[in-house]
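What follows is a set of notes on a single structure, which appears directly below.
Each chain gets a letter, A, B and so on, in the order its sequence line appears, and its residues count up from 1.
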Number of protein chains: 2
Amino acid sequence: MKLEEAQQQFIASWGAFGTYWGINRTMAQIHALLMISADPLSQDDMMERLSISRGNVNMNIRDLIDWGLVNRVLIPGERKEYFSAEKDIWKVATQIVKERKKRELDPMLRLLDQLGEIEGDKKDKHIKQFTETVSSIKRFGSQTDKMLDGLVKADENWFLGNLMKMFR
Amino acid sequence: MKLEEAQQQFIASWGAFGTYWGINRTMAQIHALLMISADPLSQDDMMERLSISRGNVNMNIRDLIDWGLVNRVLIPGERKEYFSAEKDIWKVATQIVKERKKRELDPMLRLLDQLGEIEGDKKDKHIKQFTETVSSIKRFGSQTDKMLDGLVKADENWFLGNLMKMFR
DNA sequence: TCTATTTTTCAATTATTTTTGAAACTTCAG
DNA sequence: CTGAAGTTTCAAAAATAATTGAAAAATAGA
């Protein structure tokens with residue numbers, strides 16, 4: 001398989017998978033392009049490679065920087081801005097976990113705390129079902145929260161090594 | 001807080017969070033409604049509780065059944081079909097992991113295998129960067145795959161207990 | 001079988017999200 | 001200061017996804 005063809009396919013597929021993960025297609029494609037590029041790229045490079053508009057590149061690059069997945073790179077003597085992606089896949093995953101935890105899990109747990117106390121007869125089966133569901137989700141969520149904190153802090157090989165042993 | 005109010009809020013929020021997880025709002029709301037309901041509900045019940053159309057309920061219920069999160073329940077003497085959700089949150093999580101692995105991770109790994117061999121000079125930095133990125137994602141993906149297989153098989157308390165110790 | 005009831009399907013509509021592109025803004029060299 | 005090069009913004013347009021509702025299909029009791 002030729003390099004260009006493989007690159008095209010990788011970018012297209014990464015973009016498609018991105019939509020499963022709540023990331024929009026273009027953002028995932030830009031990320032894919034930067035991960036497989038040996039050198040940093042400018043916004044114009046990305047526009048050309050992906051056939052998308054300047055505004056689109058600009059907005060999605062900004063989001064990727066917010067997610068901590070892409071960095072601005074200054075190239076001496078160049079006026080343009082260049083961008084490169086974190087290439088260590090473990091760091092990428094860690095960063096995504098960290099951000100998603102912050103954006104999704106933490107707010108969810110805050111909400112569940114507010115739904116704890118319900119007025120009325122604790123023996124009523126509707127009240128019982130509701131409070132049981134909410135509290136079991138809360139319990140599960142807190143455990144997940146702690147686990148992810150650990151995971152984010154852990155060293156790659158140590159973590160995977162241990163986990164591999166556990167599940168063998 | 002009153003039960004009805006808390007239920008409303010739980011359903012609305014679960015729906016909103018669902019969109020983060022690649023699940024559409026309505027599907028997540030139906031799931032939420034069934035999780036907090038003490039008794040199985042009919043399609044008409046759900047239409048009324050969530051103010052959505054019959055077709056919408058029907059399609060999303062079917063998806064939830066495909067995901068293994070909801071079951072048809074036969075109520076003796078009733079002509080209508082009733083539905084209930086799995087209420088054990090650990091089973092819910094396990095089921096979601098299993099399905100997403102099947103739908104997302106497995107196809108991704110299959111693709112990466114195809115992108116392995118690139119024609120040309122192995123020393124060329126563009127080829128090198130591409131193959132390195134692809135193979136490191138593949139490696140990471142396979143490890144994740146094995147880990148999730150283990151997780152799905154594992155018993156709740158055993159798993160969380162161990163993980164808690166690991167990360168304390 | 002017939003028919004009332006319930007479920008399913010799907011084309012058309014509606015809502016949401018993404019993308020474009022041109023104008024506004026910023027930066028910097030001369 | 002001026003203006004060319006580069007970046008950002010955002011309203012409008014396009015693309016995508018979700019929802020409706022009515023017709024078709026399935027089901028079960030008489």
With sequence neighbours left out, what residues match B/K91 under salt bridge (Lys or Arg N to Asp or Glu O under 4.0 Å)?
none
Are any non-hydrogen side-chain atoms of B/L34 and B/M46 less than 4.5 angstrom apart?
yes
Rounded to 10°, tell me the angle between the two end axes of the helix from C/dT1-D/dA30 to C/dG30-D/dC1, each built from five pairs.
20°
When you measure from every atom of DNA chain C, which of residues 66-75 of chain B have a heavy atom less than 4.0 Å away?
B/R72
Quick one: side-chain hydrogen bond (donor to acceptor under 3.5 Å, both in side chains) partners of A/Q129, sequence neighbours excluded?
A/T133
Test item: A/F83 and A/V73 side chains (from C-beta on) under 4.5 Å apart, heavy atoms:
no
Partners passing side-chain hydrogen bond (donor to acceptor under 3.5 Å, both in side chains) against B/Y20 (at least two apart in sequence or in another chain)
none
For DNA chain D, determine which residues of residues 23-40 of chain A have any heavy atom closer than 4.0 angstrom to one of its atoms, and list them numerically.
none
Report yes or no: do A/N56 and A/S53 form a side-chain donor-acceptor pair below 3.5 Å?
no
What salt bridge (charged side-chain N to carboxylate O under 4.0 Å, His left out) pairs are there with at least one residue in residues 32-41 of chain B, not counting sequence neighbours?
A/K125-B/D39
Does B/R103 make a cation-pi contact with B/W67 (under 6.0 Å, within 45 degrees of the axis)?
yes
Along DNA chain D, first and last positions that approach a heavy atom of chain A under 4.0 Å:
D/dA4 to D/dC10
Validation row: A/W14, B/I137 side chains within 4.5 angstrom (heavy atoms):
yes
Any protein N or O atoms within reach of nucleotides 3-5 of chain C? Criterion: under 3.5 Å, listing atom names and distances.
unit_1: C/dT5; atom_1: O2; unit_2: B/R79; atom_2: NH2; d: 3.0

Quiz: residues 23-31 of chain A side-chain donor-acceptor pairs under 3.5 angstrom, not counting sequence neighbours:
unit_1: A/N24; atom_1: OD1; unit_2: A/T26; atom_2: N; d: 2.9
unit_1: A/N24; atom_1: OD1; unit_2: A/M27; atom_2: N; d: 3.0

Contact between A/R72 and A/Y82 at the side-chain level, heavy atoms closer than 4.5 Å - yes or no?
no
For DNA chain D, determine which residues of residues 50-59 of chain A have any heavy atom closer than 4.0 angstrom to one of its atoms, and list them numerically.
A/R54, A/G55, A/N58, A/M59
Please identify each residue that fulfils side-chain hydrogen bond (donor to acceptor under 3.5 Å, both in side chains) with B/K123, with sequence neighbours left out.
none
Side chains of A/N71 and A/E86: donor-acceptor distance under 3.5 Å anywhere?
no
